[in-house]
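Chain naming here is simple, since letters A, B, ... match the order of the sequence lines and numbering starts at 1 in each. What you see is a predicted model, and the numbers here were worked out from it, not measured in a lab.
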4 protein chains.
Amino acid sequence: MPRHRFPNTRERIEKAAIRLFVERGVAETTVRDIARAVDISEGALYRHFVSKDELVWRVFEREYVHFTERLESLARPEVTARGKLAAMIRGFCLAHDEDPWLFRFLLFVQHGQLTRLAPGSPTPVDAVRDVIAGGIASKEIPEQHPDLAAALVFGIVLQPVTFAAYGRLSSAVTSMCDRLIAASWAAVTTV
Amino acid sequence: MPRHRFPNTRERIEKAAIRLFVERGVAETTVRDIARAVDISEGALYRHFVSKDELVWRVFEREYVHFTERLESLARPEVTARGKLAAMIRGFCLAHDEDPWLFRFLLFVQHGQLTRLAPGSPTPVDAVRDVIAGGIASKEIPEQHPDLAAALVFGIVLQPVTFAAYGRLSSAVTSMCDRLIAASWAAVTTV
Amino acid sequence: MPRHRFPNTRERIEKAAIRLFVERGVAETTVRDIARAVDISEGALYRHFVSKDELVWRVFEREYVHFTERLESLARPEVTARGKLAAMIRGFCLAHDEDPWLFRFLLFVQHGQLTRLAPGSPTPVDAVRDVIAGGIASKEIPEQHPDLAAALVFGIVLQPVTFAAYGRLSSAVTSMCDRLIAASWAAVTTV
Amino acid sequence: MPRHRFPNTRERIEKAAIRLFVERGVAETTVRDIARAVDISEGALYRHFVSKDELVWRVFEREYVHFTERLESLARPEVTARGKLAAMIRGFCLAHDEDPWLFRFLLFVQHGQLTRLAPGSPTPVDAVRDVIAGGIASKEIPEQHPDLAAALVFGIVLQPVTFAAYGRLSSAVTSMCDRLIAASWAAVTTV
DNA sequence: GATGAATGAGGTTTCATTCAT
DNA sequence: TATGAATGAAACCTCATTCAT
């Protein structure tokens, strides 16, 4: 019955979908669930998205690329590897606290979207790995497998978010940010 | 004349299901997929499991509890917090390399099974957190939020497995075990 | 300031619709397809037609009746059955070459419209059959079932159009007209 | 409720579907219609056919190829072009009277299936055209465009079936067979 | 015990039509 | 008056589960 109530239907669909995808999983979220959350008919969704699959992919890709670029531009001005790493970790924390649903959608739900990225597309993992590789090259970081080091940093940063999702930790990740930076640096420099 | 071609049908179902759940996700795996993988009819599956849901849950619970106990019994003989933590991390790595599909099923797929555990059931997270809390109490580990510390250890141990799943790291996690122990200890003791 | 960019929107809709109906079928052509082909909005279509169904029917009826009358008036001045038949076949060929889409829409697509014609409405089939019946009465054509004879003529005239649609024959049907007349006469007079 | 009542579900589906496709058109026939006609559930259909589209295509291709071969093998033993043509036309009539629904499905409904045939697959049209081309080569038939001649024969044979479908002619096409043969020969030899 | 056709609820998608703007 | 987002019924299809054989 209500028509044209909100001009930004598309955005509202994306927001609702992301949240549902995180809460229940992509497969477990029906198009009807999304439509209900936005209070439009199921059919109306299809004026904004070609298919459920395309909705997932479009949002994922756009935001994933955007997030990667954001990380990269945070690291760029920094000079030392430590500075770059710290800036990126801060970027993770801020991104999470700004929009926890989106953050978790991008980094946990994924749902096989990762494999659909154009081969060679830069990812947050690459961004972190490259900074570490640079630090190794400049002797700031001891010699080691850069991918393993990147895994350590990723784990240190993401796992608290998972714990937060289960209520084991506060969901204000930014408040732990300095600790995560310190822990990451310790993990990376301890061989 | 053997009634069953394979006497251990039930085990074979579980093994195949776990693998499919990890590869595609639980919702994306159909009962038909599982039946085909085991080369029995769909109907025959229901002689071994009440429902798909029950299959997921039964396997999850049994193995999750088992894994938790294993971790606990590895830690028990150790005296120091560091020794306990190292033993547990070694336990993670061994468990992964013994049966990577099961490991990933328990620790990544989950699919909301975690929330179905009887409240108060011990989990690997609890096991790690308790050891850390003990270390803090005995002053071996500096004062800090034990859940956050547990998150750091979990992240450090699990993220390399994720990277391995994407081909970024070798899937022989045991070979990285000492490094993971060192990194965990560094992360936990650096405040 | 012109209210409409094109004053003949209605005609343009009909033309585009007919072509789409022939190319894809009536059911397979969506209102959106038609709107896009005419470059107007879907809603605007409904200012010109009550419904898709009505669009099909209105165009069909008007043109079918018109085509029938045209055939009849071509035959009327002729005296002999052979002359009448030749004039009508020439009418078919001309009608096709003037507007092949319309011709095929009327004679092939039909889509059950035929059964909606008012009972007793004259059709091209009737026109041909009547001429043949007249020829039989006047002994110009040997005694036979006039409907079967009409079927022969119809088949001889329409099948080349079908072949043309599949690229098996040139779509300039008029160039084959004399041949079709001769063949029809031969078929009708050979018992 | 009823299960396994008839062993030949697949055949029954095909028969019912073909009839519905002819009566209403392919697009206008829903999967539900077919299921109801066979008295099974919609879902059950999908154990026998991958999709509605595949059902249409599978039946069409199998029967179309079969019908073409049948025509060819009827013509083969005959020596003269006239004999071959007569045999084929008799083949058309018999095929129609044996199973009018299938005949009309193959030769009228088509629904764009024709374009999906492997390029170069022999069709009834080719069979007739080849016989005519042979007759022209052997001087039995006067010089002319063999495709046009084939169109004449096709029209003469198929149009009575169309008339029969509309009740204008008896649906016992075999009874008109000799007439159709004579008319075809007259049409083809009259240049 | 095993089989796999059948069920039926529910999911995704399409599309003729309406109507607020 | 034209637009196109929205509706809602209905289409196609999937899949966990049942059950006659």
> Quick one: is the NZ or CZ of B/Arg10 closer than 6.0 Å to the six-membered ring centre of B/Phe49, and within 45° of its axis?
Replying inline: yes
>> Assess whether a salt bridge exists between B/Arg58 and B/Asp53, defined as any Lys/Arg side-chain N lying under 4.0 Å from an Asp/Glu carboxylate O.
In response: no
> Considering only F/dA16, F/dA11, E/dT13, which nucleotide approaches the side chain of D/Thr30 most closely?
Replying inline: F/dA11
> Considering Watson-Crick and G-U wobble pairs with both distances under 3.5 Å, what does F/dA20 pair with?
Replying inline: E/dT3
>> Quick check on DNA chain F: between C/Glu42 and B/Asp53, whose nearest nucleotide comes earlier from the 5' end?
In response: C/Glu42
>> Please report the distance, rounded to the nearest Å, between CG in B/Leu45 and P in E/dG1.
In response: 16 Å
> Below 4.0 angstrom, N of the basic side chain to O of the carboxylate: do A/Glu14 and A/Arg19 qualify?
Replying inline: no
> Of all the nucleotides listed (E/dT3, E/dA16, E/dA6), which has the minimum atom distance to the side chain of D/Thr9?
Replying inline: E/dA6
> With respect to the side chain of C/Ile40, which nucleotide from F/dT3, E/dT13, F/dC13 is positioned closest?
Replying inline: F/dT3
>> How many whole angstroms separate atom NZ of B/Lys52 from atom C1' of F/dT14?
In response: 11 Å
> To the side chain of D/Arg47, which of E/dA5, E/dT7, F/dA6 is closest?
Replying inline: E/dA5
> In terms of side-chain geometry, is the basic nitrogen of D/Asp99 or D/Arg104 positioned less than 4.0 Å from the acidic oxygen of its partner?
Replying inline: no
>> Between P on E/dT7 and CZ on D/Arg36, what's the gap in Å once rounded to a whole number?
In response: 14 Å
>> Can you confirm whether A/Arg24 sits close enough to A/Asp33 that some side-chain heavy atom of one is under 4.5 Å from a side-chain heavy atom of the other?
In response: yes
> Taking atom C1' of E/dA16 as reference, at what distance in whole Å does atom CH2 of C/Trp57 sit?
Replying inline: 21 Å
>> By nearest heavy atom, map D/Ala44 and C/Ala44 onto DNA chain F; which one lands nearer the 5' end?
In response: C/Ala44
> C/Arg32 CZ to F/dA6 P: how many Å, rounded?
Replying inline: 13 Å
> Atom NE2 of A/His48 and atom C1' of F/dA6: how far apart are they, to the nearest Å?
Replying inline: 8 Å
> So which nucleotide from E/dT17, E/dT3, E/dT13 ends up closest to the side chain of B/Ser41?
Replying inline: E/dT3
> The side chain of B/Tyr46 lies closest to which of these nucleotides: F/dA16, E/dT17, E/dT12?
Replying inline: F/dA16
>> Distance check needed: E/dC15 C1' versus C/Ile34 CD1, whole Å only.
In response: 12 Å
> Between A/Arg24 (CZ) and E/dG11 (C1'), how many Å, whole number?
Replying inline: 14 Å
